[in-house]
Amino acid sequence: VDHREYNWRRGTGPMGLSASKPWRSLTRIAPGVQYYQELGDSWGIWIKCVAIAGFEDSISKRSWTYNPQILGFSKLSDMLTLYAGAGVLYHKVDPVVYPVLGAAWGMNPETGISGAIGFPETMVRFGFAEDLALKFDFQWDIRTYQLARNTSPASSGYVVTEDLIPGLHLEFRP
């Protein structure tokens, strides 16, 4: 769940829009499922699907974006894994197909340093204990939100954002 509040002031707003308070807040709820399967000692597949509701006031059937991804991976050693695949952000306003590429090292789920260099996400993680880690990541993100009313900068009734997001996370895995 992600919620963003906007405080519009005189002048131009986000994306250079000159408008008088076109939306108050944007919310995104993104439940999903994933399946990971090793295929022998050094190959595997990871399938994931997320249903994303992006909206200003309330969820409707027009709020949903679907994000399926499929990745193949090859474990080159105990410390290095390569992965590649594709994903789709499917929404009728602006569907986007994107590659998923990268290399992951030291992906020990417990303690120590691990990370991944890739697209759409790069990250470094330090595990303190079996259930606690600190993670820094940088990711590319496109979001489509259904607005409560059609406004001049978003006459279709939707706003699409594209962000490059750095993040610092404390992970707890019970």
Side-chain angles (χ1 to χ4, degrees), residues 1-37 44-73 83-102 104 115-125 133 135-174:
V1 176
D2 178 90
H3 182 79
R4 298 175 181 191
E5 291 286 332
Y6 291 85
N7 183 5
W8 298 87
R9 301 170 194 260
R10 287 180 283 159
T12 54
M15 302 169 282
L17 301 174
S18 177
S20 137
K21 302 182 182 186
W23 53 84
R24 293 179 307 277
S25 64
L26 299 175
T27 301
R28 187 179 87 139
I29 300 170
V33 296
Q34 55 188 337
Y35 177 75
Y36 175 84
Q37 178 66 52
I45 191 167
W46 184 19
I47 301 168
K48 156 178 167 176
C49 188
V50 180
I52 306 161
F55 56 93
E56 180 180 7
D57 285 342
S58 62
I59 296 174
S60 77
K61 65 181 179 182
R62 296 177 49 230
S63 306
W64 292 94
T65 300
Y66 301 98
N67 182 209
Q69 289 182 22
I70 185 164
L71 304 174
F73 62 89
Y83 57 90
V88 177
L89 284 164
Y90 179 77
H91 191 284
K92 68 178 186 170
V93 171
D94 190 20
V96 176
V97 176
Y98 58 92
V100 179
L101 299 167
I117 296 174
F119 182 84
E121 180 181 23
T122 292
M123 69 92 170
V124 175
R125 184 179 168 281
K135 180 175 105 171
F136 172 76
D137 69 355
F138 189 79
Q139 57 184 297
W140 168 77
D141 192 27
I142 293 179
R143 299 175 180 198
T144 302
Y145 297 93
Q146 177 192 358
L147 298 176
R149 62 197 179 286
N150 294 350
T151 61
S152 59
S155 59
S156 67
Y158 296 93
V159 65
V160 178
T161 65
E162 183 171 351
D163 300 307
L164 298 173
I165 304 171
L168 181 62
H169 313 272
L170 182 62
E171 291 182 351
F172 175 65
R173 294 178 313 278

Could you pull out the closest heavy-atom pair between [X] and [Y], with the gap in Å?
X: L101; Y: A84; value: CD2-CB, 3.7 Å
X: Y83; Y: A116; value: OH-CB, 3.8 Å
X: P99; Y: P120; value: O-CD, 4.2 Å
X: V88; Y: N67; value: O-ND2, 2.9 Å
X: A30; Y: I52; value: CB-CG1, 4.0 Å
X: G87; Y: Q69; value: CA-CG, 3.9 Å

Kindly indicate whether the side chain of [X], heavy atoms from C-beta on, has any atom under 4.5 Å from the side chain of [Y].
X: E56; Y: Y6; value: no
X: E171; Y: R125; value: yes
X: W64; Y: I59; value: yes
X: R24; Y: D57; value: yes

At what distance, to the nearest 0.5 angstrom, does [atom1] of [X] lie from [atom2] of [Y]?
X: R28; Y: S63; atom1: CZ; atom2: OG; answer: 13.5 Å
X: T144; Y: E162; atom1: OG1; atom2: CD; answer: 10.5 Å
X: Y145; Y: F55; atom1: OH; atom2: CZ; answer: 10.0 Å
X: L147; Y: L26; atom1: CG; atom2: CG; answer: 6.5 Å
X: L168; Y: K135; atom1: CG; atom2: NZ; answer: 10.5 Å
X: T27; Y: D2; atom1: OG1; atom2: CG; answer: 8.0 Å

Anything under 30° is parallel, anything over 60° is perpendicular, the rest tilted; go ahead and classify F73 against Y36.
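F73 vs Y36 ring planes: parallel.
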Mind checking what makes side-chain hydrogen bond (donor to acceptor under 3.5 Å, both in side chains) contact with Q139, not counting sequence neighbours?
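For Q139 the side-chain hydrogen bond (donor to acceptor under 3.5 Å, both in side chains) partners, ignoring immediate neighbours, are D137.
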Does atom OH of Y98 have more than 12 heavy-atom neighbours from other groups under 6.0 Å away?
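Result for OH/Y98: enclosed.
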Could you tell me which residues satisfy ring-ring contact (aromatic ring centres under 6.0 Å, His included) with F119, sequence neighbours excluded, listed by chain and number?
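F119 satisfies ring-ring contact (aromatic ring centres under 6.0 Å, His included) with W140 once adjacent residues are dropped.
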Going by atom types only, do Q37 and Y35 share a side-chain donor-acceptor pair under 3.5 Å?
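Yes, Y35 and Q37 have a side-chain donor paired with an acceptor closer than 3.5 Å.
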Could you tell me whether a side-chain N or O of H91 sits under 3.5 Å from a main-chain N or O of V93, the two making a donor and an acceptor?
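Judged by distance alone, yes, a pair lies under 3.5 Å.
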